Number of protein chains: 2
Amino acid sequence: MQDEQIDAMSKLLKSMSHPIRLKILCLLQDKELSVGEIRDQVKTTNANVSQHLNILRGQGIIDYRKDANFIYNKIVDKRILDLIKKMRVLFCPNF
Amino acid sequence: MQDEQIDAMSKLLKSMSHPIRLKILCLLQDKELSVGEIRDQVKTTNANVSQHLNILRGQGIIDYRKDANFIYNKIVDKRILDLIKKMRVLFCPNF
DNA sequence: CAATTATTAAATTAATTTCTGAAATATTTC
DNA sequence: GAAATATTTCAGAAATTAATTTAATAATTG
């Protein structure tokens, strides 16, 4: 990797390295979820979830669709799914 | 992943997600390097490199051996090598 | 259209991280 | 043992990130 790629990669990793954001990504591995459903699972405020989602959107990791007044979020960068899967295999061998 | 694993994993990712630290890890992929050699390659101060190395040591990612007044650093957690390799395949397809 | 629900935006504060420069430690060499 | 080299430690300033609170937007329901 040369410096530009390292910078891009470190930004990506940084966006994944906050516990709330990493948990959001894990939750979104197999299904799409609304902001409220995510808020319930990570136990913080709506505004806080919204901010974290925005960071993940900014990185192009997730996207959303709107239905009524719900925003459903999902992972659109399949490489992230691969990476999370690899992390699980390497670092969480039990399950 | 349950919450404890997510916390541990996010700490690990955070330690890798600083551009200087990620570059250090890339440099240490195939060889061990002294602090001074690393300093030359990442172009910052000695103290700064030393601090970043300490963070990686604290995570158990790297270890060192002392020879004369040089400290040679190397990656000891093989899973990190695997993970970096995977990141390269996924995000840096051209080489 | 008023009330409700879901979400976002903006501003403020709090917390954490990073860098820098100087001083300290350890080893080697002369 | 003094000087030189390599690295670390420390303390503070600067920068970045995160959380909180409040207000705003947007769609839905009665």
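Letters go in sequence order (proteins before strands), and every chain restarts at 1. Just so it is clear, the structure is predicted and the values come from calculations on it, not from any experiment. Reckoned from all heavy atoms, side chains included, excluding hydrogens, waters and symmetry mates.
A:Arg88 contributes no side-chain N or O that, together with a main-chain N or O of A:Lys85, makes up a donor-acceptor pair within less than 3.5 Å.
Here the rule is side chain to side chain contact (heavy atoms under 4.5 Å, CB included) with B:Leu28, and of B:Leu33, B:Leu56, B:Ile84, B:Ile61 only B:Leu33 fits it.
Neither OP1 nor OP2 of D:dT17 sits under 4.0 Å from any side-chain N or O of A:His52. The phosphate of D:dA6 (OP1 or OP2) has no side-chain N or O of B:Lys66 nearer than 4.0 angstrom.
Whole-Å rounding puts the B:Ile20 CD1 to C:dT18 C1' distance at 9 Å. Rounded to a whole Å, the CG atom of B:Asp67 is 14 Å from the C1' atom of D:dT7. Rounding to whole angstrom units, CD1 of residue B:Ile62 and C1' of D:dT8 are separated by 14 Å. B:Asn48 has its CG atom 15 Å from the P atom of C:dT17, to the nearest Å. As a whole-Å value, the separation of A:Lys14 NZ from D:dA15 C1' is 11 Å. What separates CD of B:Glu32 from P of D:dT7 is a distance of 12 Å, to the nearest Å.
Taking 4.5 Å as the limit, some side-chain heavy atom of A:Ile38 sits within range of a side-chain heavy atom of A:Leu53. In this structure the side chain of B:Met87 reaches within 4.5 angstrom of the side chain of A:Leu13, judged on heavy atoms. The shortest distance between side-chain heavy atoms of B:Val76 and B:Ile62 does not fall below 4.5 Å.
Scanning for side-chain contact (heavy atoms from CB on, under 4.5 Å) contacts around A:Lys23 gives A:Leu27, A:Val42, B:Asp3, B:Ile6, with sequence neighbours left out.
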| request: For each nucleotide in nucleotides 7-12 of chain C, reading 5' to 3', give B when a protein heavy atom comes within less than 4.0 Å of its base, S when such contact involves only the sugar-phosphate, and - otherwise. | output: BBBBB-

